[in-house]
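Since this is a predicted model, take the numbers as computed values, not measurements.
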Amino acid sequence: KLFEHPDFEYHQVLRALSVIYDHFDDIQRSVYRNSCNVVDRKSGVVFYDCTNYYFEIEQEDEDLPPGDHDSFEEMEEKKGLRKYAKSKQHQPAPFVQVGLLMDLTGLPIAIIVTSGSRNEQLTMVPIEKKILQGYGIHDFIICTDSGLSSEENRKFNNFSGRAFITTVSIKKMSAKDAEWCLSPTGWFMEGEDRTLKRQYDITKLEETDEDRDKYYNRIFYKEKYVESYDEERDISFNQTLLVTFSLKYRDYTRNIRNAQVERAKRAIEQGRTKIERKNQNDFRRFVKSESRTRSGEKATRTKYLIDEEAIAGESVYDGFYATMHNLEEAETSDVLKITKGRWEIEESFRITKTEMRARPIYLARKDRICAHLLIVFIALLFYRILERKLENHYTDQQIMDCLREMNIAKYPNEDSYMPAYTRTDLTDDIHRYLGFCTDYERMTDWRMRGNCRITKGTSKRKKTDSR
C-alpha cells in the first residue's frame, strides 16, 4: 500500500491528533492558500451546510461548568461534543455536528466542528468570521438552505461586500406571502426577454400535449421586493423573494410522495410498531390514527389510516421553490444558477461517509475527534482537486476504488518493484496528472524514490504529460 512504510505506534497517532487539533485553524488556512497554487479557486460564491457524524455509544459527553463571565461562544465551547439531538440521519445516538464551507467549483474551503446539540444556524457566522481572517476572502455571496436561513445570518451578510441567497419554506411564510407564491398568475419564463412583458398562468401550461412538451423543462418565476431595516447596524435590509415553478420538479416531488404513501400503506398493514414515529420528511406523516368509534366513545384499539388531507395539503406546494436574496442588480438566471450548485455540498457529505469511510470514529476526546474530521476534510479537498484535474470523467467510486487498488509489489531479493494492479484509462489519467508512472514492468528503487520526491515537491524532475 505504502512505499515508504511508517514506523510508529498507535498511541503516537493519538498524540499526533492532539497536536493537529492545536493548529486546527492554521492548518485549514495553509491548505486553502496552497490549494490556490494548484487550482483556480472561485470563492466569490460559497455554499454552507451542516451534517452529523454519529457515535455508537449510549452516554453523551458532559458539559464543563461555565464561568461567571463567559461569553456565549465560550459557553458553547464548554459543551460536550457528542450529544443527543435531532439527527439528520435519524440515528438514536450521540453525534457531532460538522459545518462545511465550499466554493463555487465544489472545492472545500473550511470546516467547523461543534456540539451535536448546537443549533446549526449558530455555526454559520463563526465559520464566516474564520475565512474573513487570513483566507483573503472578503467579498462573497453565501448560499444556504432554509435550515440556516435565520434573520441574523442574513443580516450579517448584508454589508461589507457580502451577500446571501437562501432557500425559504413557503409553508412557514405568512398567509399573504404564501398566497402570492402559490398564485397561478403573474409568472415569467426564465430565459425569455422580460421587456416583452409576457406573463403566464401556470395552470394553463398543460392544456394540450404540445404545451406540456414545450414547457415541461422550463422554469417559471416571479419576484417580490421586500423592504426592511437593520436597526443594530443602522442600514437598510432589503431582500428579494424569488419563487420558481417547474412542471418537471412538480412531477419529481409527486413521485417521491407517492412512493412514501405506498410505504405508509405497507406500514399500516404490518402493524403499529412500524408507524408510531414521524418527522418532516418521513412517510409516517401520511398516517393518522383513530382511537374513538363513530359514536364518539373511546375505542379499545387504535386504528391507523392514510391521511388524505395531509397528502392534499402537501400537494399544493408541488413544483414550487422559493429563495430570498439581497442581490439588487443580479439577473434572475444567475441567482437560479447559483442555487443549483447546492447539490454538490450534499454530495461531499455523502462521499466522506461512504467512499472515504469517515466513520465509525473510535475516538472519545474532543481534540482527537476534531483532528480526525480535519483529516477527512483535507482528504475531501485532495479528492475534489483530483476529480477536477480528471475533468469529471469518472465517478467518486471509480476514483476511490482505483486509488485503493494501485498497489506495488517488491521483487524478491531485489531493489526493484512491479505494479500489482491492472492498468486502465483511469490509471493512465492519474499518472498523466501526477507526472510520473508506476505501471512499468520493472521500477528501480531509485525511480520509486524519485516518484515520492515529486509528490512532495522536492524533485528536480519535471512533470510531463506523456511518457
Novice: Counting N and O atoms only, with roles assigned by atom type, does the side chain of R368 sit under 3.5 Å from a partner on the main chain of L17, one being a donor and the other an acceptor?
Specialist: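 No, R368 side chain to L17 backbone: no donor-acceptor pair under 3.5 Å.
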Novice: Tell me the closest heavy-atom pair linking G67 and K78, and the distance in Å.
Specialist: N-NZ, 3.5 Å
Novice: With rounding to the nearest 0.5 angstrom, report the CG to CG distance, D177 to L182.
Specialist: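 Rounded to the nearest 0.5 Å, the CG-CG separation comes out at 10.5 Å.
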Novice: Under a 3.5 Å threshold, yes or no: a donor from one side chain and an acceptor from the other, between S150 and N153?
Specialist: yes
Novice: I want to check a possible cation-pi pair here: R162 against F159, using under 6.0 Å from ring centre and within 45° of the ring axis as the test.
Specialist: yes
Novice: If only atom types and distance count, is the side chain of K79 paired as donor or acceptor with the main-chain N or O of T114 below 3.5 Å?
Specialist: no
Novice: Without swapping roles, check the side chain of Y84 against the backbone of E58 for a donor-acceptor pair under 3.5 Å.
Specialist: yes
Novice: If you look only at pairs with a residue in residues 313-336, which of them pass as a ring pair (Phe, Tyr, Trp, His ring centres under 6.0 Å), with sequence neighbours excluded?
Specialist: W187-F320, F245-F320
Novice: Pairing donors with acceptors under 3.5 angstrom, does anything connect the side chains of Y48 and D145?
Specialist: no
Novice: With salt bridge (Lys or Arg N to Asp or Glu O under 4.0 Å) as the test, would you mind laying out the steps for D445 and R449 before giving the verdict?
Specialist: CA-CA 6 Å; D445 181 77; R449 293 190 183 280; 2.9 Å; yes
Novice: Excluding sequence neighbours, so at least two apart, what forms ring-ring contact (aromatic ring centres under 6.0 Å, His included) with F377?
Specialist: none
Novice: Check this for me, if you would: do R384 and E347 make a salt bridge, where the nitrogen-to-carboxylate-oxygen distance has to be below 4.0 angstrom?
Specialist: yes
Novice: For S30 and I27, indicate whether the former's side chain and the latter's backbone hold a donor-acceptor pair under 3.5 Å.
Specialist: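 No, S30 side chain to I27 backbone: no donor-acceptor pair under 3.5 Å.
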Novice: Quiz question: by atom type and distance under 3.5 Å, do the side chains of K353 and T51 form a donor-acceptor pair?
Specialist: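 Checked: K353/T51 side chains pair up, N/O donor to acceptor below 3.5 Å.
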Novice: So, E151 and R154, do they make that salt bridge, N to O below 4.0 Å?
Specialist: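 Result for this pair is no, no salt bridge flagged.
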Novice: On a heavy-atom basis, which atom in I57 and which in A93 lie closest, and how many Å separate them?
Specialist: O-CB, 4.4 Å
Novice: Would you check if the side chain of H393 reaches a backbone N or O of L426 as a donor-acceptor pair within less than 3.5 Å?
Specialist: no
Novice: Examine distances only and state if a side-chain atom of N157 and a backbone atom of N326 form a donor-acceptor pair shorter than 3.5 Å.
Specialist: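 Here the side-chain-to-backbone pair does not exist.
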Novice: Does the cation-pi check pass for R359 over Y53, that is, NZ or CZ under 6.0 Å from the six-membered ring centre and within 45° of its axis?
Specialist: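 Verdict for Y53: no cation-pi partner in R359.
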Novice: Between the side chains of D61 and R82, is the shortest nitrogen-to-carboxylate-oxygen separation below 4.0 Å, so that they form an ion pair?
Specialist: yes
Novice: Could you pull out the closest heavy-atom pair between G341 and M102, with the gap in Å?
Specialist: O-CE, 4.0 Å
Novice: Would you mind reporting whether M324 and S149 have side-chain heavy atoms less than 4.5 Å apart?
Specialist: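 No, too far: nothing below the 4.5 Å cut-off.
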Novice: Quick check for you: to the nearest 0.5 Å, what is the distance between T323 atom OG1 and I338 atom CD1?
Specialist: 10.5 Å
Novice: Under the 3.5 angstrom rule, does the side chain of H431 hit a backbone N or O of T427 as a donor-acceptor pair?
Specialist: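 Checking the backbone N and O of T427 against the side chain of H431, a donor-acceptor pair under 3.5 Å is found.
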Novice: Using atom types as modelled and distance alone, determine if a side-chain donor or acceptor of Q28 lies under 3.5 Å from a backbone N or O of I109.
Specialist: no
Novice: Hey, does Y21 have a side-chain heavy atom less than 4.5 Å from the side chain of K366?
Specialist: yes
Novice: Spell out, as yes or no, whether a donor-acceptor pair under 3.5 Å connects the side chain of N158 to the backbone of S236.
Specialist: yes
Novice: Can a salt bridge be assigned to the pair R29 and D25 using a cut-off of 4.0 Å between side-chain N and carboxylate O?
Specialist: no
Novice: Could you go through the side-chain hydrogen bond (donor to acceptor under 3.5 Å, both in side chains) check for Y229 and D234 one step at a time?
Specialist: CA-CA 7 Å; Y229 197 79; D234 195 24; 2.3 Å; yes
Novice: Between K337 and D334 (salt bridge meaning N to carboxylate O under 4.0 Å), is one present in this structure?
Specialist: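 Looking at D334 together with K337, the answer is no, because their closest N to O distance does not fall below 4.0 Å.
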Novice: Quick one: pull up CZ in F436 and CD1 in I430 and give me the separation to the nearest 0.5 Å.
Specialist: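 F436 CZ to I430 CD1: 10.0 Å, rounded to 0.5 Å.
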Novice: In Å and rounded to the nearest 0.5 Å, what is the CZ to CZ distance from R233 to F156?
Specialist: 7.0 Å
Novice: Measure the shortest side-chain to side-chain distance between Y421 and T438 over non-hydrogen atoms and say whether it is less than 4.5 angstrom.
Specialist: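 Contact flag for Y421/T438 side chains = yes.
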Novice: Is a side-chain N or O of Q97 found less than 3.5 angstrom from the main chain of R118, in a donor-acceptor match?
Specialist: yes
Novice: Would you compute the distance between atom OG of S43 and atom CD1 of I141 and round it to the nearest 0.5 angstrom?
Specialist: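 CD1 of I141 is found 12.5 Å from OG of S43.
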Novice: With a 4.5 Å limit on heavy-atom distance, are the side chains of L374 and V113 in contact?
Specialist: no
